[in-house]
Amino acid sequence: MAKPDIFIVDDQGPEATAMLQALYSRSGESARDHLKMVQERGSAKFMESYYVGYGHASIGDCGSTTLFVEGLSVLACKAVQDNPLYSGQESSTRYIDFSKQAIIDPIASAESQAIIQKWMDFYLASLAPLEAHLKAQFPKGKDEKERVWDTAIKARGFDILRGYLPAGITSQLAWSTNLRQAADKLHLMRHHPLAEVRDIADGCLNVLREHYPASFGHKDYPATEAYLEQTAAKTNYLDASFFAPNQPDLEFSTTVDNARLEAAELDVIEGRPAKTNLPRYLDGYGQYTCTFDLDYGSYRDLQRHRNGICRIPLLTGERGFHDWYVDELPGALGDQARALVAEQYAAIAAMDARAEDKQYLYPLGAKVRCQTVYTLPQMIYVIELRSQNTVHSTLRDVTHWMHAEMVRHHPRLTLHTDLEPSQFDIKRGTQTIVKRSEL
């Protein structure tokens with residue numbers, strides 16, 4: 001039996017790569033021959049005729065590109081990433097000093113600027129005393145490298161002080177996407193409640209049209225545009241109106257029948273080794289809905305799991321401020337933080353501005369009402385990954401609760417959850433990117 005011919009083509013542009021793959025559907029010839037034709041004829045005319053002209057949207061799935069967006073708020077980052085198909089990276093508040101970052105303020109009033117300044121003044125003034133406190137609390141071990149220990153201490157400090165960064169703080173992200181997904185996502189973003197996000201959508205589309213004019217000539221339909229505009233607020237934000245009054249702080253429900261699951265799948269769900277995912281077909285057994293409070297900073301980590309549903313909560317002061325960010329501060333610094341939060345929340349609430357725009361002023365330590373909807377494989381993946389000691393403590397508390405609920409509903413389900421209490425871990429100092437010479 002002849003062996004398959006396997007080769008890689010990664011030196012062509014996205015449109016040429018898309019055309020090369022698309023020709024498989026119309027010709028039995030080798031892609032090696034197709035590549036010669038692509039290089040001779042060019043891909044733009046093909047994409048214009050077949051992708052945009054005739055609506056063969058799947059061709060756009062075959063060409064990929066990477067967008068880099070810098071100087072956008074963490075709120076806008078979440079909007080771009082609110083997509084199950086998103087692949088990319090964002091600046092981490094856990095490893096980067098955000099004190100020098102610009103801050104977006106759509107309200108742009110004296111009051112809003114004063115609120116932002118107070119958050120940043122506290123952040124800046126607290127960096128050095130908190131680091132000194134942490135070094136005294138967690139002294140370097142005898143066999144620990146100075147650089148690794150110092151990085152871990154700084155990461156711990158950033159973990160705590162990120163709670164006081166306003167959500168308008170700017171970040172940067174990379175987005176790797178195929179051409180069709182880019183067009184679909186950016187089309188939705190053009191109707192986002194935040195002007196910043198709409199501007200980012202227009203900016204991305206302009207860059208993509210410049211680079212790939214044949215792939216971004218999609219026609220707009222008035223009825224579709226009107227519908228997207230009508231549903232934009234509900235599509236983009238989960239607010240308090242979605243939840244029932246007097247709902248418990250923690251609520252867990254499932255449609256998975258454990259008796260049926262164990263009868264058919266016990267050999268699959270019991271005895272699974274660590275670092276091994278459950279097979280996807282188990283998605284068919286149902287879903288788990290978890291509702292809980294979490295600070296916005298840790299919500300951002302949870303949203304990174306693209307499978308399942310994890311809607312973006314509207315960032316408000318309704319749920320208060322997470323105690324962890326105050327409790328981790330030493331003595332007088334904690335007292336200052338508690339007084340600052342009360343003062344700032346009152347000032348934001350008194351402002352005459354849209355709730356969507358006030359989000360830029362609230363801190364990342366603000367609690368928000370979250371809800372996740374996962375299948376069994378998705379649930380287990382999130383619990384096991386986000387329960388590790390290197391994960392932020394506030395998110396670990398949530399995954400530990402999820403673990404307890406899963407054990408209660410599925411006593412024979414194997415779980416590899418890290419249930420140890422959160423503690424300072426020198427490994428945090430190794431989870432960074434450095435030159436090989438610095439290792």
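- Of the inter-residue distances, the one linking L395 atom CG with L294 atom CG reads 6.0 Å to the nearest 0.5 angstrom.
- In terms of heavy atoms, E384 sits closest to H416 at OE2-N, 2.8 Å.
- Panel note: side chain K358, backbone I348; a donor-acceptor pair is recorded below 3.5 Å.
- E265 and Y285 are linked by a side-chain donor-acceptor pair at a separation below 3.5 angstrom, with hydrogens and angles left out of the test.
- Annotation for F243: atom CZ counts as buried by contact number, over 12 foreign heavy atoms lying within 6.0 Å.
- Side-chain atoms of Y288 and T372, non-hydrogen and from C-beta on, never get closer than 4.5 Å to each other.
- Nearest heavy-atom pair, A366 versus T316, reported as atom, atom and distance to 0.1 Å: CB-O, 4.1 Å.
- The structure places CE of M402 at 10.0 Å from CD of E405, a figure rounded to the nearest 0.5 Å.
- Salt bridge E328/R156: present, at least one basic N to carboxylate O contact under 4.0 Å.
- A ring-centre distance under 6.0 Å is not found for H305 and Y374.
- Of the residues listed (T417, L376, V256), the one engaging M406 in a side-chain contact (heavy atoms from CB on, under 4.5 Å) is L376, and it is the only one.
- The backbone N or O of S109 sits less than 3.5 Å from a side-chain atom of S112, completing a donor-acceptor pair.
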L278/Y381 under side-chain contact (heavy atoms from CB on, under 4.5 Å): CA gap, chis, key distance, verdict: CA-CA 8 Å; L278 287 170; Y381 178 82; over 6 Å; no
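- Residues P377 and N277 are not in side-chain contact: their nearest non-hydrogen atoms beyond the backbone lie 4.5 Å or more apart.
- Partner L188 forms a side-chain contact (heavy atoms from CB on, under 4.5 Å) with one of N83, T235, L228 and no other, that one being L228.
- Ring planes of H191 and H187: perpendicular class, angle over 60° (limits at 30 and 60°).
- Judged by distance alone, the side chain of T17 and the main-chain N or O of G63 form no donor-acceptor pair under 3.5 Å.
- Minimum heavy-atom separation, P14 to T65: CG-CB, 4.2 Å.
- Ring planes of H409 and F252: tilted class, angle from 30 to 60°.
- The aromatic ring centroids of H322 and Y299 lie 6.0 Å or more from each other.
- In this structure, CG in L413 is found 7.5 Å from CG in L261, a value given to the nearest 0.5 Å.
- When atom types are taken as modelled, the side chain of W119 and the backbone of L361 share a donor-acceptor pair closer than 3.5 angstrom.
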Stepwise side-chain contact (heavy atoms from CB on, under 4.5 Å) check, S387 with L419: CA-CA 7 Å; S387 67; L419 296 174; 5.9 Å; no
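- Looking at heavy atoms from C-beta onward, P313 lies out of side-chain contact with D239 at the 4.5 angstrom threshold.
- Side-chain contact annotation: Y86 with Q303, donor-acceptor N/O pair under 3.5 Å absent.
- Put simply, the side chain of R319 never gets that close to the backbone of G317: no donor and acceptor are under 3.5 Å apart.
- With hydrogens and angles ignored, the 3.5 Å screen pairs no side-chain donor or acceptor of T224 with any backbone N or O of P222.
- Taking the six-membered ring for Trp and the full ring otherwise, F321 and Y164 have centroids separated by under 6.0 Å.
- Minimum interatomic distance between E90 and S171 (heavy atoms only, all atoms of both residues): CG-OG, 3.6 Å.
- Distance alone, capped at 3.5 Å, is enough to place a donor-acceptor pair between the R198 side chain and the H192 backbone.
- In this structure, D220 pairs ionically with R190, as a charged nitrogen and a carboxylate oxygen lie closer than 4.0 Å.
- Of all non-hydrogen atoms in I160 and Y325, the two that sit nearest each other are O-CD2, 3.0 Å.
- By the neighbour-count criterion of 12 heavy atoms within 6.0 Å, atom NE2 of H211 is sparsely surrounded, having that number or fewer from other residues, nucleotides or ligands.
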Step-by-step side-chain contact (heavy atoms from CB on, under 4.5 Å) determination, V341 to F122: CA-CA 11 Å; V341 169; F122 181 80; over 6 Å; no
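- At most 12 non-hydrogen atoms from other residues, nucleotides or ligands lie less than 6.0 angstrom from CD of Q89.
- We find the CG-CG distance between L205 and L67 to be 9.5 Å, quoted to the nearest 0.5 Å.
- By the side chain to side chain donor-acceptor pair (under 3.5 Å) test, S176 is found to be paired with T66, residues two or more places apart in sequence or in another chain being considered.
- Under the 3.5 Å distance criterion, with hydrogens and angles disregarded, no donor-acceptor pair is assigned to the side chains of T399 and R386.
- Using a 4.5 Å cut-off on side-chain heavy atoms (C-beta onward), K185 and T177 make no contact.
- Separating the CZ atom in R180 from the OG atom in S64 is a distance of 12.0 Å, to the nearest 0.5 Å.
- Here the side chain of R311 pairs no donor or acceptor atom with the backbone of N236 at under 3.5 angstrom.
- For the atom pair OG1 of T170 and CD1 of I103, the computed distance is 7.5 Å after rounding to the nearest 0.5 Å.
- In this structure, L186 and L208 have side chains that are in contact, with non-hydrogen atoms separated by less than 4.5 Å.
- Under a cut-off of 6.0 angstrom, the local environment of CD in E420 is sparse, with at most 12 non-hydrogen atoms contributed by other residues, nucleotides or ligands.
- Taking both residues in full, the closest heavy atoms of D295 and G365 are given as CB-O, 3.8 Å, listed atom of the first, atom of the second, then distance.
- Side chain to side chain, Q359 and Y296 fail the donor-acceptor criterion of an N or O pair below 3.5 Å.
- Partners of Y362 by ring pair (Phe, Tyr, Trp, His ring centres under 6.0 Å), not counting sequence neighbours, listed by chain and number: Y345.
- Counting heavy-atom neighbours within 6.0 Å of R306 CZ, excluding the residue itself, gives a total above 12.
- Within 6.0 Å of atom CG in D352, 12 or fewer heavy atoms from other residues, nucleotides or ligands are found, so the atom counts as exposed in its surroundings.
- In summary, the side chains of Q113 and D105 do present a donor paired with an acceptor at a separation below 3.5 Å, with no hydrogens or angles considered.
- At least one donor-acceptor pair under 3.5 Å links the side chain of Q344 to the backbone N or O of I115.
- With D301 as reference, R162 is the one residue of R162, K78, R396 to meet the salt bridge (Lys or Arg N to Asp or Glu O under 4.0 Å) rule.
- Side-chain contact between I107 and Y360: absent, with no pair of heavy atoms (C-beta onward) separated by less than 4.5 Å.
- Between the side chain of R369 and the backbone N or O of F242, no donor-acceptor pair lies under 3.5 Å.
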Check against side-chain contact (heavy atoms from CB on, under 4.5 Å), L173 and Q81: CA-CA 9 Å; L173 64 77; Q81 296 162 346; 4.1 Å; yes
